[in-house]
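One structure is given here, and the rest of the page talks about it.
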Amino acid sequence: MSAHGQPGQRPALGIALILLMACCFASMDSSIRYLGGFLPVLIILWARYSFQALTMAVWLGLQSLRGRPAQFRAAHPRFQLARGLLLLATSAMSFYGVQYMPVAEFTAINMLTPVLVTLLAALLLHESVSRLRWALVIGGFAGALIVIRPGSGLFGWAVLFPLAGALTYASFQILTAKLAALESPYTTHFYTGLTGALLLSALLALLPLDLIGTLRTASAGQLGLLALIGLLGTLGHLLLILALGMAPTGTLMPFVYAQIGVAAFIGWLAFDHLPDGWAWVGMAVVSACGAAAAWLNVRRAQREAASPVALDTIAD
């Protein structure tokens, strides 16, 4: 089903799936923040990608047994590798960043991705950008500055994590927008997990981190939370894939920013933290400018090509 308003779409269900996806990612980030106090973040990151690779391998294998194409073969392995590397870098910024910043504020700054897509498209692809889209870029950065408040000492150098994550994910989205139609989303989902799992396994082998020993000494609750993080990350992206088949991307876009509100609510429940008044103002500005910029990016892409464009605000 394409994202062009064709008959048979179910926009209400698509929106519901996007809201569930927001809950998955906000819950995952909060779980990462908590578990990072007990286990090395690199091992948590490894578990998240290994879970995705294993789950998708089983899924594709079951599809093959049912007589459907298994889709294990990548038509464009270089694209899969580059895409996997960019998303792994984005996830690393998120996993480490939430150790130093509240999840809601981190999420808001990280959702600068749509305005950065506009900026990078103008600088690297030499696309023409309207005055409205430039205004949204400026507005998005202004909102981030309200959240960060440089010189206030609120977050310090830790703000580099969500800013770097938004930049790597914007690069990921530009690559995806150009090449997404070349592969099945399920094949891509498998290779994204596999790329991260293999690279992180190699890194763990080189570093003085005892993966097996850490897993053996972890409590049952910590191991359960580790598995939950992998499940939430994998499920969140699958919900995104399903939602994209049920409603136009432009319809879904505003609801993606519900993740900020969910993250704030979970942060209040789990860590007794609520953003202050100025942080709420900044998050509202980022959400408004990001949603508008993403919607304009999607509409432009839909005019230029017949294939749907993936949401450009999801980075976990």
Side-chain angles (χ1 to χ4, degrees), residues 22 25-26 29 89-90 93-94 96-98 100-174 177 249-250 252-265 267-268 273-301 311-316:
F25 287 141
D29 289 342
T90 303
M93 294 300 104
S94 295
Y96 282 97
V98 295
Y100 301 98
M101 286 184 65
V103 176
E105 286 88 336
F106 179 93
T107 301
I109 298 171
N110 197 49
M111 284 193 169
L112 282 172
T113 297
V115 299
L116 287 175
V117 167
T118 299
L119 183 63
L120 291 179
L123 295 178
L124 301 180
L125 303 180
H126 306 292
E127 290 186 0
S128 61
V129 177
S130 67
R131 291 181 181 179
L132 174 58
R133 294 174 77 199
W134 278 123
L136 293 172
V137 170
I138 296 170
F141 281 110
L145 288 175
I146 295 172
V147 175
I148 297 168
R149 278 160 281 172
S152 66
L154 285 175
F155 308 119
W157 60 270
V159 299
L160 295 177
F161 284 111
L163 290 173
L167 182 61
T168 56
Y169 199 66
S171 302
F172 162 89
Q173 282 299 331
I174 288 178
T249 308
L252 301 174
M253 188 56 55
F255 297 93
V256 170
Y257 286 83
Q259 184 177 338
I260 298 175
V262 176
F265 179 70
W268 173 63
H273 169 81
L274 275 177
D276 61 23
W278 281 112
W280 282 114
V281 170
M283 288 189 289
V285 172
V286 169
S287 297
C289 293
W295 185 82
L296 290 174
N297 290 342
V298 168
R299 299 304 298 174
R300 176 171 182 150
L311 288 171
D312 56 2
T313 52
I314 311 304
D316 289 298

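Just so we're clear, the structure is a prediction, and the values are computed from it rather than from any experiment. Note: hydrogens, waters and symmetry copies are ignored here, and every other heavy atom, side chains too, is used.
Listed by chain and residue number, Tyr100, Trp157 satisfy the ring-ring contact (aromatic ring centres under 6.0 Å, His included) test with Phe161 (two or more places apart in sequence, or in another chain). Applying the side-chain contact (heavy atoms from CB on, under 4.5 Å) criterion to Val137, with sequence neighbours excluded, gives Val115, Thr118, Trp134, Phe141.
Here the closest non-hydrogen pair linking Leu167 and Leu116 is N-CD1, 3.7 Å. The heavy-atom pair separating Asn110 from Ser94 by the smallest distance is ND2-OG, 4.3 Å. Annotation for Leu120 and Ser171: closest pair CD1-OG, 3.8 Å, computed over non-hydrogen atoms. Considering every non-hydrogen atom in both Leu136 and Ala293, the closest pair reads CD1-N, 3.6 Å. Scanning all heavy atoms of the two residues, the minimum distance from Ala22 to Ala258 falls at CB-C, 4.3 Å.
Ile260 contributes atom CD1, which lies 10.0 Å from atom CD1 of Ile109 (distance to the nearest 0.5 angstrom). The distance from atom CG of Leu163 to atom OG1 of Thr168, rounded to the nearest 0.5 Å, is 11.0 Å. A distance of 12.0 Å separates CD1 in Ile138 from CZ in Arg131, rounded to the nearest 0.5 Å.
No side-chain heavy atom of Thr107 sits less than 4.5 Å from a side-chain heavy atom of Val98. Using a 4.5 Å heavy-atom cutoff, the side chains of Met111 and Val256 are in contact.
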Scan the side chains in residues 277-288 for donor-acceptor partners under 3.5 Å anywhere in the protein, sequence neighbours excluded, and list what turns up.
| unit_1 | atom_1 | unit_2 | atom_2 | d |
| --- | --- | --- | --- | --- |
| Trp280 | NE1 | Pro275 | O | 3.1 |
| Ser287 | OG | Met283 | O | 2.8 |

